[in-house]
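None of these values were measured; they are calculated from a predicted model. Counting starts at 1 for both ligands and their atoms, in listed order. Start at 1 with the first residue, then count along the sequence.
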Amino acid sequence: MRGNQFRQGAVKEVAMSERARTIDTLLDERRTFAPSPEFLSKARVTDQSLFEAAAADPEGFWAEQAKKYVSWYKPFDTVLEWDLPFAKWFVGGELNVSYNCLDRHVEAGKGEKVAYHFEGEQGDTRAITYAELLSAVCRLANALKKLGIKRGDRVGIYMPMIPELPMAMLACARIGAAHSVVFGGFSAEAVRDRMNDAAAVAIITADEGWRRGGLVPLKRNVDEACEDSPTVKNVVVVRRTGNEVPMTEGRDHWYHDLVEGESDTCEPEHMESEDLLFTLYTSGTTAKPKGIKHTTAGYHLYAMFTHDLVFDIQPDTVYWCAADVGWVTGHSYIVYGPLGNGVTSVMYEGTPDFPAKDRWWSIIEKYGVTVLYCAPTAIRTFMKWGPEFPQKHDLSSLRLLGTVGEPINPEAWMWYREHIGGDRVPVVDTWWQTETGGIMIAPLPGVTVLKPGSATKPLPGIGAAVVDEAGNQVALGGGGYVTLTKPWPGMLRGIWGDDERYRETYWNRFGTQYFAGDGARIDEDGYFWFMGRVDDVMNVAGHRISTAEVESALVDHPAVAEAAVVAKSDPETGQAISAFVTLRAGYEGSTELIAELRNHVAKLIGPIAKPKWIAFTPDLPKTRSGKIMRRLLRDIAENRKLGDTTTLADSSIVADLQRRATEEEAKEQ
Ligand code: PRX
């Protein structure tokens with residue numbers, strides 16, 4: 001009985017009607033795709049042996065992988081110290097991640113192999129070999145050291161998608177400074193808050209970035225952030241667009257001036273396994289972003305291991321992850337996974353429709369890309385544009401496709417397979433989070449029978465479950481909360497500066513299981529079908545945005561008294577942000593104010609957090625204890641056919657809100 005009750009509860013709680021659509025579709029989703037003989041003829045893993053070895057002796061399994069994938073200066077003595085919820089992996093070991101990404105490939109004779117085929121939005125290109133990347137990283141590492149940046153410091157990175165971005169990350173890793181990359185689409189305020197939280201000593205940025213032909217004022221944003229970031233003593237600026245930007249004497253340095261004349265060798269620091277490699281901020285249920293901590297050995301091993309197996313890496317793989325390095329997907333699958341594995345990648349700076357809607361497909365044809373990894377939101381956009389754009393290009397080099405970031409609906413999965421994959425290549429839907437460091441639930445393409453819309457099952461060595469409120473696994477066929485049941489090398493080591501929040505967010509709800517915040521159904525074959533977040537975190541185009549963060553940005557505007565933000569399902573971005581706003585006395589709702597509020601949110605957080613729809617209402621529906629009844633607001637946002645951007649609160653919305661709040665309260669009593 002409990003399971004049934006939960007199922008109803010879960011369906012109510014899982015934000016968005018996306019879930020309703022997904023569940024409906026899932027019920028009749030019976031198509032399966034076994035690995036094809038063509039794929040199997042080259043596949044790296046074709047049997048259950050890894051799953052069996054990991055199940056038989058988890059620590060022995062990870063020890064073996066750590067020896068296989070990582071080059072150590074000093075071997076580790078202990079595989080795992082697990083003092084729940086704090087894990088230490090490969091204790092006693094010493095290594096350097098930049099050595100593992102660069103030097104060892106050059107030493108092995110692969111210095112001339114291309115690490116990145118860089119494609120600028122404007123059409124400029126650079127092929128950077130492993131040897132060239134190594135010298136660039138060493139020169140920058142030496143320059144950073146001369147600025148006084150040292151092991152244990154934190155360095156902010158706020159850059160466009162250009163090769164200097166991975167170079168900056170690797171230079172930090174080389175000298176033992178932890179980086180904190182802030183997505184280039186975030187605002188000055190977001191940069192400032194993150195730099196202050198981490199007490200960063202420097203920021204590496206660019207003059208500007210290109211985006212859809214326009215300019216992103218990165219340096220100006222950094223200047224604004226620095227006005228209020230007292231710990232930042234140095235700013236390093238890459239010249240990208242070449243436009244004039246102000247430079248502050250003594251604090252700001254041109255990247256090209258700094259590295260000129262620097263030696264192209266730099267002895268890597270010998271780091272301990274558990275030294276901090278980076279922090280990356282992600283949204284939770286409160287307004288303050290969490291600095292997720294990842295350490296050296298476990299994270300890097302896990303990025304390489306998962307990249308190698310899930311993407312079935314071959315010596316001639318040309319791999320393209322179309323995410324931004326500013327998100328965890330880019331950290332693990334543009335930088336640390338592929339470079340650790342010595343793979344050739346494509347890195348693209350711009351948007352898919354610049355200068356035309358076939359840009360991605362022309363890139364695949366040009367470089368002979370064999371593996372493409374992107375987000376469902378991109379696939380839905382391509383579906384909308386139509387198959388004629390990919391059809392213009394020869395995509396026959398592709399042998400594997402991947403997706404990440406949000407649930408993929410079966411229609412989009414099928415479209416991707418058919419129109420991009422020529423109906424012949426596997427599509428791997430990969431579920432994971434900033435916190436997990438790498439892919440957790442995904443197919444092994446030479447082993448797993450695929451079902452469109454399912455991320456399938458946990459990878460070897462990973463324990464995941466779908467549980468009810470009490471933390472008990474639901475029966476196959478049931479739905480519930482996703483938990484992770486065993487420590488894994490790539491797991492977060494906590495939240496920067498806030499152990500209590502780490503416990504509270506991930507470990508309080510189910511005791512010994514990590515609570516992921518997602519809802520899922522598990523089918524008769526044990527396959528996971530993700531349904532979205534169950535907490536107050538939205539997933540907009542694959543980006544996690546907290547309702548609380550957008551609310552506090554709205555309330556920051558002088559006209560706003562109170563705001564409630566909910567997600568509304570959206571055919572392209574998965575979810576879109578809807579805001580209900582009450583105004584302070586003396587202010588009137590207007591189309592201009594809506595535009596102003598949207599811009600205000602963009603300024604405080606970044607354009608991705610702009611509400612798509614804002615309604616003014618004299619009151620928000622609340623319980624007696626003063627809690628906003630979000631479920632009601634969600635229903636209203638979902639049920640009404642709301643226009644693209646705006647609808648002023650008309651009396652019917654307000655009346656509806658009030659009527660339903662009253663009904664709800666009556667039910668509670
Ligand atoms: O809700 C899940 C969704 O994205 C969340 C993690 O977001 P973030 O930390 O920004 O990392 C995104 C890239 C790994 C998850 O809690 N999510 C991610 N991948 C999938 C997904 N939901 C369904 N299916 C996926 N494949």
- prompt: Can you tell me which residue and heavy atom of the protein come closest to atom 15 (C) of ligand 1, and the distance to 0.1 Å?
  reply: D518 OD2, 3.3 Å

Donor-acceptor under 3.5 Å (S332 side chain, T329 main chain): no

message: Classify the ring geometry of F278 against H331: parallel below 30°, tilted from 30° to 60°, perpendicular beyond 60°.
response: tilted

- request: Between I408 and ligand 1, find which residue part has any heavy-atom pair under 4.0 Å and reply side chain, backbone, both or neither.
  value: neither

query: Please state which protein non-hydrogen atom is closest to atom 4 (O) of ligand 1 and give its distance, to 0.1 Å?
result: G405 O, 3.3 Å

query: More than 12 heavy atoms of other residues, nucleotides or ligands under 6.0 Å from NZ of K88: is that the case?
result: no

Salt-bridge present (D312, R44; N to O < 4.0 Å): no

- request: Would you mind listing which atoms of ligand 1 come within a distance below 4.0 Å of any non-hydrogen atom of D429?
  value: 25 (C), 26 (N)

message: Only heavy atoms of N539, strictly under 4.0 Å: list the atoms of ligand 1 that pass.
response: 3 (C), 4 (O)

query: Hey, is A455 touching ligand 1 through its side chain, its backbone, both or neither, going by heavy atoms under 4.0 Å?
result: neither

query: Which bit of F530 gets closer than 4.0 Å to ligand 1, counting heavy atoms only: side chain, backbone, both or neither?
result: side chain

message: Are any of the N/O atoms on T329, whether in the backbone or the side chain, positioned under 3.5 angstrom from an N/O atom of ligand 1?
response: no

message: Just to confirm my output: which protein heavy-atom neighbour is closest to atom 5 (C) of ligand 1, and how far is it?
response: R544 CD, 3.8 Å

query: Any donor and acceptor pair, going by atom type alone, linking the side chain of Y506 with main-chain N or O of R509 inside 3.5 Å?
result: no

- prompt: Would you call P407 a ligand 1 contact, heavy-atom distance under 4.0 Å?
  reply: yes

- prompt: If you measure from the Lys or Arg side-chain nitrogens to the Asp or Glu carboxylate oxygens, is any gap between D523 and K451 under 4.0 Å?
  reply: yes

Those atoms of ligand 1 less than 4.0 Å from some heavy atom in V404: 13 (C), 14 (C)

query: Taking the six-membered ring for Trp, are W432 and Y333 ring centroids under 6.0 Å apart?
result: yes

The one among H331, E406, M531 that brings a heavy atom closest to atom 25 (C) of ligand 1: E406

message: Please work out, at 4.0 Å between heavy atoms, whether the side chain, the backbone, both, or neither of H543 comes within that distance of ligand 1.
response: neither

query: Any idea which part of T434 is under 4.0 Å from ligand 1, heavy-atom wise: side chain, backbone, both or neither?
result: both

- request: Could you list the atoms of ligand 1 found under 4.0 angstrom from a heavy atom of W432?
  value: 6 (C), 14 (C), 15 (C), 18 (C), 19 (N)

query: Hey, does V369 have a side-chain heavy atom less than 4.5 Å from the side chain of Y319?
result: no

- request: Would you check if there is a donor-acceptor pair between the side chains of Y373 and T430 at a distance under 3.5 Å?
  value: yes

E435 versus T282, side-chain donor and acceptor atoms under 3.5 Å: no

